[in-house]
Number of protein chains: 2
Amino acid sequence: MRDERRSGCPINLTLEVVGDKWSLLIIRDMIFGNHRHFRELLLKSEEGVSSNILADRLKTLVEQGIIARTDDPSHQQKVIYSLTEQGIELLPILAQMAGWGRKYLPVSEELGIRARLLQEGGPAMWEEFMSELRETHLGVAPRDRGKSGGAPVAERLQAAYEAVVAQRKPR
Amino acid sequence: MRDERRSGCPINLTLEVVGDKWSLLIIRDMIFGNHRHFRELLLKSEEGVSSNILADRLKTLVEQGIIARTDDPSHQQKVIYSLTEQGIELLPILAQMAGWGRKYLPVSEELGIRARLLQEGGPAMWEEFMSELRETHLGVAPRDRGKSGGAPVAERLQAAYEAVVAQRKPR
DNA sequence: TCTGAGTGATTGTGAAATGCAACCAGTTGC
DNA sequence: GCAACTGGTTGCATTTCACAATCACTCAGA
């Protein structure tokens, strides 16, 4: 998986970095679920990644500069994984994938609602979301979000998801 | 690889269909190189796919409805692979990947030029390109391309690539 | 009618990636 | 002191991948 260089094609190179079964799912959980700790990524994963794979991918993603690994000051053993700018900019790829999957594959309603909002919001919403990620992951000072839809994108996505879940399981 | 359904998440489902090392590269060669035959995909591949993998992926992609397999009337054994609408709509994913790879990975100049043009052209150019693909792969009647940049996108990409190659190898 | 190149694959074998479950040493809150 | 929690490791079975050789068939040219 590592140390490859099959060709200098940008698509191929991207696939060699994040083209395996798990890397983009881990990035997804960090972006949309705000999962920042090992056990959080391990246990809250929809798909059930195994711990050795998760450890290996996190290590690789750190080496590639897509995420960063820092100590959690609140606990001597805890570690915080953060997205780098490079990782944040994977969002448009995920958004396009989500849109395509929603159109052509049997997506579940509760997991498709975020994809729908992202698709409707378009690149402008992706940019706004990326700005928010820069605040939470890079510590960048918040720009004033002017003409946006009010609440942060992350909150809007989460609220929509919970609304669908509440509707489907009334009690 | 097949028959999975780890979760109903649109990103996960997309990855289960095209998230392996080769599928998107095959689609790329069909889109950007107009490779339509087995041996063409096999021998002109930058990365050197092996024939059993190629055969397996083509079969899977046909089953998934991303490409179509038809007989070539000019030769009883020849087969033509075409993109379906579903396959054509993978272009934005490839374009985003190309843009990300070009920004962060050691892309070669001659293979990066297409990515640059696609990035500069933006979604409008992608749409135009997809229209052209619908003509060549689906047999859709050409709409008149009005305010576009003149020549078809496919030709512009190819010309730019050849210009770089000619510049780097003067003789 | 022969012959050599071209067609889309298949087969066999070893290497690599993946999946699963158990386990580990150190830390924290009670 | 102790149970729960922390980010991982380890060993082993299964699955996938990679590489090379090969296949049955078709077609154009001599």
Side-chain angles (χ1 to χ4, degrees), chain A residues 1-7 12 15-26 29-30 33-64 67-82, chain B residues 1-7 12 15-26 29-30 33-64 67-82:
Chain A
M1 163 156 209
R2 269 163 288 266
D3 304 342
E4 303 181 46
R5 194 67 48 91
R6 297 184 296 189
S7 84
N12 174 58
L15 285 170
E16 288 184 5
V17 175
V18 294
D20 68 284
K21 286 212 211 321
W22 289 107
S23 294
L24 283 179
L25 295 180
I26 294 168
D29 287 343
M30 293 182 72
N34 197 33
H35 297 172
R36 307 289 294 273
H37 298 100
F38 188 92
R39 273 206 150 57
E40 205 173 10
L41 288 161
L42 184 69
L43 300 175
K44 293 186 187 171
S45 159
E46 277 283 333
E47 294 84 11
V49 64
S50 51
S51 57
N52 54 348
I53 306 275
L54 177 58
D56 181 78
R57 287 307 175 282
L58 288 171
K59 190 179 155 201
T60 305
L61 290 171
V62 168
E63 286 168 2
Q64 297 284 348
I67 61 177
R69 182 187 191 278
T70 56
D71 293 339
D72 185 334
S74 79
H75 187 304
Q76 212 165 349
Q77 271 188 324
K78 266 189 176 173
V79 160
I80 301 178
Y81 290 99
S82 304
Chain B
M1 163 152 211
R2 270 162 286 267
D3 304 344
E4 303 182 44
R5 194 66 51 91
R6 297 184 295 187
S7 83
N12 173 59
L15 285 170
E16 288 183 5
V17 174
V18 295
D20 68 284
K21 285 210 208 324
W22 289 108
S23 294
L24 283 179
L25 294 180
I26 295 169
D29 288 343
M30 293 183 71
N34 197 33
H35 297 173
R36 308 290 292 273
H37 298 101
F38 187 91
R39 273 203 149 55
E40 205 172 11
L41 288 161
L42 184 70
L43 300 175
K44 293 186 186 171
S45 160
E46 276 283 334
E47 293 83 13
V49 65
S50 50
S51 58
N52 55 349
I53 305 277
L54 177 58
D56 181 78
R57 287 306 175 282
L58 288 172
K59 190 178 155 202
T60 306
L61 290 171
V62 168
E63 287 169 1
Q64 297 284 350
I67 61 177
R69 183 186 190 278
T70 55
D71 294 338
D72 185 333
S74 79
H75 188 304
Q76 211 165 346
Q77 270 188 326
K78 265 191 178 172
V79 160
I80 300 177
Y81 290 99
S82 305

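Protein chains get the first letters and strands the later ones, always in sequence-line order, with residue 1 at the start of each. Just the heavy atoms: all of them, side chains too, but no hydrogens, waters or symmetry mates, feed the values below.
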From the options [options], select the nucleotide whose nearest atom is closest to the side chain of [X].
| X | options | answer |
| --- | --- | --- |
| A:Gln76 | C:dT7, D:dT6, C:dT28 | C:dT28 |
| A:Gln77 | C:dA25, C:dG8, D:dA21 | C:dA25 |
| A:His75 | D:dT6, C:dT18, C:dG8 | D:dT6 |
| B:Val79 | D:dA18, D:dG8, C:dG8 | C:dG8 |
| A:Asp20 | D:dT6, D:dG8, C:dT18 | C:dT18 |

Answer yes or no: does a side-chain N or O of [X] lie under 4.0 Å from OP1 or OP2 of [N]?
| X | N | result |
| --- | --- | --- |
| B:Arg36 | C:dG8 | no |
| B:Trp22 | D:dC17 | no |
| A:Arg69 | D:dG7 | no |
| B:Arg39 | C:dA9 | no |

>> Judged by each residue's nearest nucleotide on DNA chain C, which is more toward the 5′ side, A:Ser74 or A:Asn52?
In response: A:Asn52
>> For a quick test of reading the model, state the closest non-hydrogen atom pair linking A:Val18 to A:Ser23 and the distance between them.
In response: CA-CB, 4.1 Å
>> Can you tell me which residue among A:Lys78, A:Gln77, A:His37 is in a side-chain hydrogen bond (donor to acceptor under 3.5 Å, both in side chains) with A:Asp72?
In response: A:His37
>> What's A:Asp72 touching, base or sugar-phosphate or nothing? Going by heavy atoms closer than 4.0 Å.
In response: nothing
> Any salt bridge between A:Arg6 and B:Glu46, counting N to O under 4.0 Å?
Replying inline: no
> Name the one of B:Ile53, B:Ile26, B:Val79 that satisfies side chain to side chain contact (heavy atoms under 4.5 Å, CB included) with B:Leu58?
Replying inline: B:Ile26
> Between D:dA20 atom P and B:Leu54 atom CG, what is the distance in whole Å?
Replying inline: 16 Å
